[in-house]
Amino acid sequence: MSTHFRTCPLCEATCGLEIEVRQEGGIRVRGDREDVFSKGFLCPKGSALGKLHDDPDRLTQPLVKIDGVHTPVDWDEAFEAVAAKLGPIMATDRQAVGIYLGNPSIHNHASAIFARALIFALGTKARFSASSVDQLPKHISAGMMFGSPTAIPVPDLDRTDYLLMLGANPVASNGSLCTAPNFEGRLKELTARGGKLIVIDPRRTETAKLATRHIFIRPGTDAALLAGIVNVIIAEVADSRLDRLQEYVEGFDRLAESTRRFTPSAVERFCGISTEDMTQLALDLLEAPTAAVYSRLGTHTAEFGGLCAWLVDAINVLTGNLDRAGGAMFPMSPNSSPRAAAGGKGFTMGRFTSRVSNFPEAIGEIPVAFLAEEILTPGKGQIRAMITMAGNPVRSSPNSQSMNKAFESLDAMVSVDIYLNETTRHADVILPPPSPLEKSHFDVAFYGFSVRNIANYSPAIFDKSGPSDEEIIARLSLIAMGMPANADPEIVYDATLNSIVQSATKNAASPSYGVDPENAIATLQATSPADRVLEAMIRSGPYGDGFKGGEGLNFERLLQAPHGIDLGPLGSRIPEILETPSAMVDMAPTALVSDLDRLDSTIRTFKRLEAGSESPSGLRLIGRRHVRSNNSWMHNIEVLVKGRPRCTLLVNPNDAQKRGLVDGALALISSRVGSLEAQVEITDDMMQGTVSLPHGWGHQESPGTTVARRYAGVASNLLTDETAIDVMTGNAVLNGIPVTVTSL
Ligand SMILES: Nc1nc2c(c(=O)[nH]1)N[C@H]1C(S)=C(S)[C@@H](COP(=O)(O)OP(=O)(O)OC[C@H]3O[C@@H](n4cnc5c(=O)[nH]c(N)nc54)[C@H](O)[C@@H]3O)O[C@H]1N2
Ligand SMILES: Nc1nc2c(c(=O)[nH]1)N[C@H]1C(S)=C(S)[C@@H](COP(=O)(O)OP(=O)(O)OC[C@H]3O[C@@H](n4cnc5c(=O)[nH]c(N)nc54)[C@H](O)[C@@H]3O)O[C@H]1N2
Ligand code: SF4
Ligand SMILES: [Mo]
């Protein structure tokens with residue numbers, strides 16, 4: 001038997017795992033009690049990591065579709081097939097090849113680092129990712145306020161006295177844009193030390209049940225609530241609470257002016273939250289010694305996601321809580337580029353637009369809600385081929401049916417994925433990367449959103465049988481550059497490593513400043529291409545040894561710390577973190593301020609409908625997560641899916657009674673774009689007028705996942721509408737979908 005310690009790659013929480021590999025076979029996973037960050041915590045998904053590794057349905061050999069049948073082939077043959085399929089299309093029009101990056105691609109440093117090379121090699125504007133069914137509004141508001149789309153403050157969970165949480169359920173999700181293993185335990189500690197947790201959610205969630213107070217909200221209306229809170233705070237204290245931030249912020253007057261119309265009494269009916277409650281929330285935020293506002297998925301995948309993302313941080317600024325202990329703070333991850341001084345180029349959107357709807361790009365991508373039309377609408381630049389990497393857009397994007405039709409119509413498709421599922425079944429070639437236990441791990445993305453600064457590297461446990469993630473991506477990149485299918489991937493590795501080291505040694509704030517790039521590369525200890533780039537990033541990062549030896553972080557120190565290295569609590573980062581041209585925090589970015597008119601007009605429409613005979617309060621559909629499920633893809637692991645069916649429609653008793661719905665019986669749910677049948681579960685945890693169905697299910701058409709097909713469930717994205725987007729950001733509206741529900 002051997003014991004290994006590693007970071008779980010499955011969600012953003014980065015828990016430390018203790019993995020026992022038995023000689024006779026079998027893998028046992030427990031929480032690593034010595035992990036500096038998670039201290040033994042793990043969830044059911046993490047403990048099923050061995051089952052994922054051993055899943056007989058997990059692909060270990062590439063598949064090529066021959067006469068409509070996915071057939072195992074060897075790797076060279078698979079890359080030949082990729083070149084044969086993509087080559088002719090790329091030769092005619094590079095814009096005709098699109099790429100979609102899914103969620104797990106960012107949970108692995110090899111794919112996170114090398115995906116950029118592939119995108120560059122493809123030279124296409126048809127770039128999509130799961131960001132636009134998720135956190136895109138936060139990138140945009142961070143870009144506009146702080147100058148960088150990744151400068152996202154996180155609540156200082158372990159030190160705050162007051163946490164106002166909207167649209168997040170970390171007891172199920174373990175947190176997002178807030179990396180905090182054992183989030184639940186940290187919330188319990190918050191209330192145990194006399195702090196307060198207030199949860200705003202249309203469902204009394206597992207997190208709401210831990211809270212000091214839970215307040216229901218009508219789905220999609222958080223922006224109005226937040227504007228109401230801003231309004232009260234400014235009326236109470238104007239800008240007197242900015243304290244040390246005073247000299248680093250601009251736009252206070254515009255913020256005050258533009259939110260003046262959103263008084264609590266003007267928005268209370270719209271939000272379903274009383275003026276008294278709204279006012280009290282604002283006063284409590286001001287009164288608490290330290291406080292943080294944190295909002296996540298339920299507020300971002302909404303009609304006013306951009307406004308929510310902005311106003312949350314505007315409140316953190318106004319209450320003087322941005323960038324101070326106990327407030328909302330900027331992490332400093334070990335693989336980030338150190339910054340010497342404030343100021344930069346700032347953030348721009350719309351550097352190009354989508355072909356069909358002319359929708360502006362953000363963070364280099366077109367929102368995925370536009371993907372189906374880009375594939376289905378004829379004309380120059382029509383997408384005829386797709387590469388999907390670690391994504392299941394046929395289940396995760398709005399209007400699954402049209403997305404499925406779009407993928408079905410492609411001339412060529414290549415998927416980098418570990419399962420043959422609803423999306424990859426359309427692929428001509430499927431290239432499976434190694435299992436999580438066959439590769440090293442370092443969370444290059446999530447230490448950037450972490451409530452403590454952490455570095456934790458895990459070596460691979462098992463040897464891999466096929467190529468690494470970076471080899472698959474490098475070989476695809478070479479094919480995209482028009483090279484032969486057997487071209488040497490070293491070209492891509494070298495280019496990536498060189499560019500990282502070149503810029504790091506030119507960065508005056510980096511400990512590696514002035515080192516000769518070649519000498520720097522000569523000191524690298526890591527062996528795999530992805531690890532070498534990672535090592536270079538860390539050694540030139542804020543805690544690095546700068547390739548000079550000495551005290552700082554290097555690869556050896558990471559290897560010597562199997563339980564991770566705690567780099568301490570979050571520190572203050574303003575002004576250095578600010579990349580706006582003015583080197584200030586913009587409290588009132590023009591585009592977001594203008595978007596308040598759209599909110600205002602929606603509130604007016606609501607009031608008009610409410611005053612008239614037409615009821616504005618039909619049923620609204622929201623989603624939910626469960627601790628045993630992971631978006632659309634961990635449903636093939638029996639221990640996680642067995643038991644009581646979880647893909648049920650939660651309905652409030654009053655709504656059920658009005659429609660004659662019976663607990664346990666089927667109901668028909670219909671929206672503008674589709675309808676499906678789901679089992680009803682009656683519960684007063686749901687706000688009246690709101691029903692909830694989890695996403696990611698509906699595996700009837702997933703050919704390669706035997707277990708998931710048995711626990712198929714229904715695909716909630718058959719109901720979500722691709723035309724419903726937050727027009728400010730392009731993010732899909734996945735919550736608050738108007739539906740009708742009838743008993744069957
Ligand atoms: N209605 C509704 N829809 C939603 C959401 C919602 O709340 N409600 N949530 C949205 C959110 S937040 C997200 S992030 C998206 C996620 O949407 P996607 O990123 O499109 O898809 P996932 O469901 O995460 O599926 C991951 C895919 O990666 C594959 N995979 C798993 N591990 C690996 C690996 O190590 N390497 C590779 N190459 N592939 C792997 C799986 O087989 C699967 O095909 O869904 C969104 N969709
Ligand atoms: N177990 C598990 N963990 C996961 C995932 C998973 O699928 N399963 N997915 C991972 C991913 S990719 C992500 S992005 C994160 C997401 O993590 P979270 O941001 O915590 O997302 P959810 O758990 O979906 O919680 C969203 C909450 O928003 C509420 N909500 C819906 N509409 C509204 C609204 O209009 N206003 C308000 N205030 N609330 C609303 C819902 O009721 C729900 O409780 O979770 C990650 N972790
Ligand atoms: S909470 Fe997330 S990181 Fe921790 S064990 Fe579960 S899936 Fe893995
Ligand atoms: Mo997500």
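Counting starts at 1 for both ligands and their atoms, following the listed order. In what follows, every heavy atom counts, from backbone to side chain, and hydrogens, waters and symmetry copies are set aside.
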Can you list the ligand 2 atoms lying under 4.0 Å from a non-hydrogen atom of I217? 36 (N), 37 (C), 38 (N)

Is it true that the side chains of T705 and D57 contain a donor and an acceptor less than 3.5 Å apart? no

Under 3.5 Å between any N/O of L166 and any N/O of ligand 2: does that happen in this structure? no

Could you check whether any side-chain N or O of R628 sits under 3.5 Å from a backbone N or O of V639, counting only pairs where one atom can act as donor and the other as acceptor? yes

Judged by modelled atom types alone, do S415 and T388 share a side-chain donor-acceptor pair under 3.5 Å? yes

For the residue pair W697 and H635, does the interplanar ring angle fall in the parallel (under 30°), tilted (30 to 60°) or perpendicular (over 60°) class? parallel

H695 and S716: side chain donor to acceptor below 3.5 Å: no

For atom 8 (Fe) of ligand 3, how many protein N, O or S atoms come closer than 2.8 Å? 1

Below 4.0 Å, non-hydrogen atoms only: which portion of A172 touches ligand 2? Side chain, backbone, both or neither. backbone

Residue-ligand contact N174/ligand 2, heavy atom below 4.0 Å: no

Please work out which of the three classes, parallel, tilted or perpendicular, describes the rings of Y447 and F442, given edges at 30° and 60°. perpendicular

Which pair of heavy atoms, one from C178 and one from L157, lies closest together, and at what distance? SG-CD2, 4.4 Å

Can a donor-acceptor pair be found between the side chains of R624 and N735 at a distance below 3.5 Å? no

Heavy-atom contact under 4.0 Å between G736 and ligand 2? no

Which protein residues come within less than 4.0 angstrom of ligand 1, counting heavy atoms only? Y100, G102, N103, P104, A130, V133, D134, L297, A390, G391, N392, P393, S396, V416, D417, I418, Y419, N421, P433, K439, R625, N631, S632, W633, H695, S716, N717, L734

Indicate whether any N or O donor in one side chain lies under 3.5 Å from an N or O acceptor in the other, for N421 and R395. no

Give the atoms of ligand 2, by number and element, whose distance to some non-hydrogen atom of V627 is under 4.0 Å. 1 (N)

Using distance alone, with no hydrogens and no angle criterion, decide if N174 and N182 have a side-chain donor and acceptor under 3.5 Å apart. no

Taking atom types as modelled, is there a side-chain donor on H441 or D443 under 3.5 Å from an acceptor on the other? yes

Quick one about N652 and D684 (side-chain donor to acceptor, distance below 3.5 Å, no hydrogens or angles considered), yes or no? no

Under 4.0 Å from any heavy atom of H626, which atoms of ligand 2 are there? 1 (N), 2 (C), 8 (N)

Ligand-side contact atoms (ligand 2) for residue partner G220, heavy atom cut-off under 4.0 Å: 34 (C), 35 (O)

Per-atom contacts of ligand 2 with D222, taking only distances under 4.0 Å to non-hydrogen atoms: 34 (C), 35 (O), 36 (N), 37 (C), 38 (N)

Considering all heavy atoms, the nearest D417-A390 contact: OD2-CA, 4.1 Å

Is it the case that N404 and H426 place a side-chain donor and acceptor less than 3.5 Å from each other? yes

Those atoms of ligand 2 less than 4.0 Å from some heavy atom in T205: 44 (O)

